[in-house]
Amino acid sequence: MVKKGESKYLELSNTGFSSDSHTKLQWSFQDCNLYPIGGLFASVGQMGNNENGGLKLPPHADLLVKYVSLPEGFKIFGMTENDKDSMISEKNKKGLKLKIKISNPSLRRLVSGGIAGAISRTVVAPLETIRTHLMVGSNGHSTSQVFENIMKADGWTGLFRGNFVNVIRIAPSKAIELFIFDTVNKNLSQKLPIPPSLIAGACAGVSSTLVTYPLELLKTRLTIQKELYNGLFDAFVKILQEGGPGELYRGLTPSVIGVIPYAATNYCAYDSLRKAYKKMFKQEKIGNIETLLIGSFAGAVSSTATFPLEVARKHMQVGAVSGRQVYKNVLHALSCILEREGVCGLYKGLGPSCLKLVPAAGISFMCYEACKKILVEEEDKQ
């Protein structure tokens with residue numbers, strides 16, 4: 001009989017738990033509870049008595065803490081509070097976890113990158129439309145003016161014009177980009193004089209641009225010159241008729257030149273910030289919100305540094321439409337814009353561009369890391 005206020009102690013020994021009394025408890029693995037002796041399952045007392053007259057449990061005594069709810073008043077010796085808290089926390093974290101196993105690690109990264117790109121671009125599609133109009137000077141000269149004109153002409157659907165093409169372009173582009181970055185960054189030597197993530201980012205940007213550039217040009221034409229085309233296929237055919245296959249790659253040079261510093265700084269900043277965060281807070285895993293903020297900051301740095309080249313690229317993609325000037329190359333485009341509009345012309349649309357690129361970068365990285373947790377098996381170290 002246990003007196004009121006008296007505690008029963010279970011002492012951890014080499015062979016398991018030992019009780020200080022002959023109190024017999026029943027341990028059921030089915031419902032993870034302790035019961036008085038007499039039920040369907042073998043009691044602790046029936047499993048053997050130690051030489052001191054106590055009760056003896058099997059060697060895997062830590063399962064008692066992990067799976068069994070101990071009665072009030074019982075304490076455990078031989079186990080630190082941190083160990084118990086860790087086991088209890090692990091028990092409480094049980095719940096529904098979505099896990100899709102894909103055996104090929106390369107395919108997992110490609111799928112994760114594609115999903116991340118599609119989600120991030122769809123979320124910021126209205127800002128992308130406004131940014132493109134501001135860059136080439138159509139539909140107004142301020143964010144509010146462009147927004148009002150689009151709403152009057154096309155309504156909300158006008159803000160998402162060309163987004164289907166953009167998703168078709170971005171999904172494979174981001175898949176290739178993130179896959180190349182992860183692969184190159186993991187295989188480069190850490191003894192290089194420059195950060196491996198800088199080289200990996202540049203390789204990722206160039207690879208994705210070369211593969212998906214025609215879709216980028218089609219998306220820009222559909223956004224700016226919507227009255228000339230009846231859809232993606234119609235735009236593709238007309239552009240081929242006007243200038244041949246080479247027309248699909250108009251503005252490729254400034255795009256490649258622009259994507260090298262952008263992707264290099266973006267991925268290098270992201271990788272460096274992640275390492276700094278892990279070192280500062282002494283933890284290996286980074287949460288979704290932290291990943292979103294780190295990716296957004298990296299996007300802000302890279303987009304601001306390379307924005308003039310992006311403006312030149314958009315001007316070259318539009319071409320000689322509606323009496324617009326045709327540029328010979330990147331330097332010609334930059335010099336003409338600088339001469340005509342000054343330095344401000346090189347940064348026209350930077351505000352909405354950052355509003356679009358900064359969250360897009362953060363959302364993209366966050367979705368990518370989240371997808372890897374879902375698609376990548378736990379034993380596959382990323």
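Hydrogens, waters and symmetry mates play no part in the numbers below; they use all other heavy atoms, side chains included. Along the sequence shown, residues are numbered consecutively beginning with 1. No experiment lies behind these values; they were computed from the predicted model shown.
Residue pairs meeting the ring pair (Phe, Tyr, Trp, His ring centres under 6.0 Å) criterion with at least one member in residues 144-186, sequence neighbours excluded, are Phe181-Tyr267.
Nearest heavy atoms, Ala175 versus Leu110: CB-O, 3.2 Å. What you find for Ala360 and Val124 is that their closest heavy atoms are CB-CG2, 3.8 Å. Across His315 and Ile337, no two heavy atoms sit closer than the pair CD2-CD1, 3.6 Å. Contact detail for Asn266 and Ser302: the closest heavy-atom pair is CB-OG, 3.5 Å. Minimum heavy-atom separation, His332 to Asn329: N-OD1, 2.8 Å. When all heavy atoms are compared, the tightest approach of Cys268 to Leu198 is CB-CD1, 3.6 Å.
Using a 4.5 Å cut-off on side-chain heavy atoms (C-beta onward), Thr209 and Leu252 make contact. Between Leu334 and Val330, the closest side-chain pair of non-hydrogen atoms falls below 4.5 Å. You'll find the side chain of Lys373 stays beyond 4.5 Å of the side chain of Lys285, heavy atoms only. When side chains are defined from C-beta on, Leu178 does not count as touching Lys372, because their heavy atoms never get closer than 4.5 Å. A 4.5 Å side-chain heavy-atom check between Lys278 and Ile286 finds at least one atom pair inside the cut-off.
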Practice prompt. Please step through side chain to side chain contact (heavy atoms under 4.5 Å, CB included) for the pair Leu248 and Phe236, ending with a clear verdict.
Written response: CA-CA 8 Å; Leu248 292 172; Phe236 177 75; 3.6 Å; yes
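A salt bridge links Arg221 with Glu247: at least one charged nitrogen is closer than 4.0 Å to a carboxylate oxygen. Between Lys275 and Asp271, at least one side-chain nitrogen of the basic residue sits less than 4.0 Å from a carboxylate oxygen of the acidic one, meeting the salt-bridge criterion.
The distance from the CG atom of Asp154 to the CG atom of Asn149 is 10.5 Å, given to the nearest 0.5 Å. The distance from atom CG of Leu217 to atom OG of Ser255, rounded to the nearest 0.5 Å, is 9.0 Å. Annotation: the span from Leu127 atom CG to Cys354 atom SG amounts to 11.0 Å, rounded to 0.5 Å. Once rounded to the nearest 0.5 Å, the distance linking CG of Leu222 with CG of Leu215 reads 10.5 Å. Atom CD1 of Ile150 is separated from atom CG of Leu159 by 5.5 Å, given to the nearest 0.5 angstrom. Lys174 NZ to Ser364 OG: the interatomic distance, rounded to the nearest 0.5 Å, is 4.0 Å.
One N or O on the side chain of Asn185 and one on the backbone of Ser197 form a donor-acceptor pair closer than 3.5 Å. Listed for the Lys348 side chain is no donor-acceptor partner under 3.5 Å among the backbone atoms of Glu341. In this structure a side-chain-to-backbone donor-acceptor pair under 3.5 Å is missing from Tyr270 to Gly299. The backbone N or O of Gly205 sits less than 3.5 Å from a side-chain atom of Ser208, completing a donor-acceptor pair.
In this structure, the ring pair (Phe, Tyr, Trp, His ring centres under 6.0 Å) partners of Phe281, at least two apart in sequence or on a different chain, are Tyr277.
Put simply, Leu240 and Tyr249 are part of the same group of oily side chains (I, L, V, M, F, W, Y) that touch within less than 4.5 Å, one to the next. Hydrophobic clustering of Ile, Leu, Val, Met, Phe, Trp and Tyr side chains at less than 4.5 Å, counting indirect connections, unites Phe297 with Ile294. Linking Ile, Leu, Val, Met, Phe, Trp and Tyr residues whenever their side-chain heavy atoms come within less than 4.5 Å places Tyr229 and Ile168 in a single cluster. Cluster annotation: Leu331 and Tyr327 are assigned to distinct hydrophobic clusters (Ile/Leu/Val/Met/Phe/Trp/Tyr, side-chain heavy-atom contacts under 4.5 Å, transitive). Cluster annotation: Val167 is not connected to Ile363 through the hydrophobic network of ILVMFWY side chains, with a link wherever side-chain heavy atoms come within less than 4.5 Å.
Classification of the Tyr347-Phe307 ring pair by plane angle, with boundaries at 30° and 60°, yields parallel.
Around atom CD of Glu339, no more than 12 heavy atoms belonging to other residues, nucleotides or ligands sit under 6.0 Å away.
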